[in-house]
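Below are the structure tokens for one structure; questions will follow.
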Protein chains: 2
Amino acid sequence: MAVTIRDVARQAQVSVSTVSRALSAPGLVKETTRQRVLDVVAGLGYQPNRAARSLITGRTGNLGIVVPDLENPFFPAVLRGVQTRAGEAGTSVFFCDSRECPETEAELVRTMAAQVDGVVLCASLLSDETIIELATATPLVLINRIVPGVSSVLMDSASGMEQVVTHLESLGHKHYVYLGGPDAAWSNHRRMQGLRGRAQLIGSFEPNFGGGHTAAEQALKTGATAFIAYNDLMALGALSYLASNDIKVPQQISVTGFDDILYAAMCSPALTTVHMPTEEAGNVAVDLLANLLEGGPTEQRELPTKLVIRASTRKHPMSA
Amino acid sequence: MAVTIRDVARQAQVSVSTVSRALSAPGLVKETTRQRVLDVVAGLGYQPNRAARSLITGRTGNLGIVVPDLENPFFPAVLRGVQTRAGEAGTSVFFCDSRECPETEAELVRTMAAQVDGVVLCASLLSDETIIELATATPLVLINRIVPGVSSVLMDSASGMEQVVTHLESLGHKHYVYLGGPDAAWSNHRRMQGLRGRAQLIGSFEPNFGGGHTAAEQALKTGATAFIAYNDLMALGALSYLASNDIKVPQQISVTGFDDILYAAMCSPALTTVHMPTEEAGNVAVDLLANLLEGGPTEQRELPTKLVIRASTRKHPMSA
DNA sequence: TTGAAAGCGCTAACAG
DNA sequence: CTGTTAGCGCTTTCAA
């Protein structure tokens, strides 16, 4: 195979342990020796064998992330945050898409566990019990989910939703309907809390374009003047349904989304939605995982969200 | 740590080598012995330590993929294809986003090389030389890029573009402009070939929403009646620019995209674009990589593309 | 068909 | 500050 630590040791005229130390515990080696080793390392293009290292340290230097749907741009954004922060620490990232299936999710976490130091679980659909069980076996950080005793980073959905409601009320809307996401999604319940009981509820629907389409059809029958979608993808689906039925947004019906994915700003009318600090959440998740790996305590962190008002909402016509 | 091969051997009353063989070379062990070992394995929940295994076999059982922009839904779709096929073979997938930066790209491939058996490189911006150099060090499969002597899977951009041109001509358009993507992108040149010299060229622009916005502004000055965008994201940006300038699509100007990302169908007007077999490309890439790892030859595979006609194109008004 | 033994490349005591 | 030594958990000759 490639060049080993022994080759470096020989050429630098030191023992293998000195090479090892020069690389991973610089303080323990005389500066001139270290420099000599480093030169040889560079010259030979030596790269430590990670398998050998992790065999002895028990650490892989990798981390995993599983998301429910890679096609929802919300999740690639989180991935980016994770990759960026992990990369800074020389950590590589495994990813998996569970396709909104809880069984797959648990399976993936278990499979990953064997080859990573810890995993980030996004918008999990698993039960508290299963999550606790997984967290016992593997350092685990949740994103947008709270489970007692497990680290997590939250984007404040409840507050985001309250901002939506406040906005809609300030526009004079009296009757609005919530196009609900998956029952198993913790975020869905959290968002409902933010509604403070003021919205009519329908659902649950699939948290994607098709789900929004279906939801809009039902929502229309309620006579509501505003639709609050579980997420942007559903809102986009609703927009599409309404457009194809010649219902004008926002003139006849106001629509709001959640997540502020890229397309929320691109569609027309541009979507009023709640901005989520996705990349930052990814960063923080990696930090929490790092703490965990150093024996630190579990932590919960909450990141603020902010309503972004665009063109899909306006004053309720009757309230003028 | 966890349960080791020795624990299994002890409890099954055989040597460690027998356990090893029972697991990875079933033919070499008496059936009854094998069954006994397997029972113990299941009972103990034994999972072979991958680091130890790969230390000796030199294989990691992992593969890597690097894409230029995770925010472009085209790439998550490819990722999915890769993950799916890799998963079937028990292979895990590392991902990285190079953020359209060639240096980062090369760096990422090199970093990954240390811990994967091979890597898939999507829409690479690197020079042929660099790619060949990387391919020499690591089994490599390219997606949407051809480099002599390197395996690759192509989605037939040239043909896709020809279909666009044919469509536009059939609608009576005489003057159309190509909103070009990055100069370093092989796909960009390939798509230009499909133009057969019949479009005016402007660019290059960033292959995203913002780039499309900018491009549309310039394209407008050409007096062309149809805009052909390098990809859907740019087309979406162009649509947005035109809408905000009260130019009606497709009444005044026709617009086409490329890729058929999810949002191409969602926006309004829905985008006429070229559908790319992204997931399949991911699958095939994994297959080619597997062949390579088994000592097979490099291969080039081309997958067909198909024009999807939606609402953003129509007959040229002057040609009625 | 099975077992014993020799490492894969590296880190981590333990001496010096 | 540096070297020696003993493995980490597994696969793979080589013998039996």
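Owing to the predicted nature of the structure, the values given are computational and were not obtained by experimental measurement. Computed from heavy atoms alone, side chains included, the values below leave out hydrogens, waters and symmetry copies. To find a chain, count down the sequence lines: A is the first, B the second, and so on, and within it residues start at 1.
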Check your understanding: Under 3.5 Å, is there a donor-acceptor pair between the B:S127 and B:T130 side chains?
Key -> yes

**Study point:** pair A:R99-A:T104: side-chain heavy atoms closer than 4.5 Å
**Key:** no

Check your understanding: Is B:T4 touching bases, backbone alone, or none of the nucleic acid, heavy atoms closer than 4.0 Å?
Key -> sugar-phosphate

Practice item. May I ask you to decide if the ring planes of B:F94 and A:F94 are parallel, tilted or perpendicular, using 30° and 60° as cut-offs? Key: parallel

Check your understanding: Can you tell me how far P of D:dC8 sits from CD1 of A:I5, to the nearest Å?
Key -> 19 Å

Check your understanding: Are A:R145 and A:D128 close enough, and set up right, to give a salt bridge (Lys or Arg N to Asp or Glu O under 4.0 Å), and what steps lead you there?
Key -> CA-CA 10 Å; A:R145 172 76 183 254; A:D128 279 19; 2.7 Å; yes

Practice item. Please determine, for the side chain of B:S24, which listed nucleotide (C:dC8, D:dT11, D:dC10) has the closest atom? Key: D:dT11

Review point. Atom CG of B:N49 to atom P of D:dG7: distance rounded to whole Å?
Key: 18 Å

Practice item. In whole angstrom, give the distance that lies between atom CZ of A:R59 and atom P of C:dG9. Key: 24 Å

Check your understanding: Are any non-hydrogen side-chain atoms of A:T32 and A:Q35 less than 4.5 angstrom apart?
Key -> no

Point to revise | Gap between atoms CD1 and C1', on B:I56 and D:dG9 respectively (whole Å) | key: 9 Å

Pairs under 3.5 angstrom only: tabulate donor-acceptor contacts from the side chains of residues 67-79 of chain B to other protein residues two or more places apart or in another chain.
| from | atom 1 | to | atom 2 | distance (Å) |
| --- | --- | --- | --- | --- |
| B:D69 | OD1 | A:R80 | NH2 | 2.7 |
| B:D69 | OD1 | B:E71 | N | 2.8 |
| B:N72 | OD1 | B:F74 | N | 3.0 |

Enumerate the protein-to-nucleotides 1-3 of chain D contacts in which both atoms are nitrogen or oxygen and the separation is below 3.5 Å.
| from | atom 1 | to | atom 2 | distance (Å) |
| --- | --- | --- | --- | --- |
| D:dT2 | OP1 | A:T33 | OG1 | 2.4 |
| D:dT2 | OP2 | A:K30 | N | 2.8 |
| D:dG3 | OP2 | A:S15 | N | 2.9 |
| D:dG3 | OP2 | A:S15 | OG | 3.1 |
| D:dG3 | OP2 | A:T18 | OG1 | 2.7 |
| D:dG3 | N7 | A:R21 | NH2 | 2.7 |
| D:dG3 | O6 | A:R21 | NH1 | 3.0 |

Practice item. Calculate the interatomic distance between A:D7 atom CG and C:dG9 atom P; express it in whole Å. Key: 9 Å

Point to revise | Length of the OH-P vector between A:Y46 and C:dG9, whole Å | key: 10 Å

Exercise for review: Send over the distance from B:Q35 CD to C:dT2 P, rounded to a whole Å.
Suggested key: 13 Å

Check your understanding: So which nucleotide from D:dT11, C:dG9, D:dG9 ends up closest to the side chain of B:R6?
Key -> D:dG9

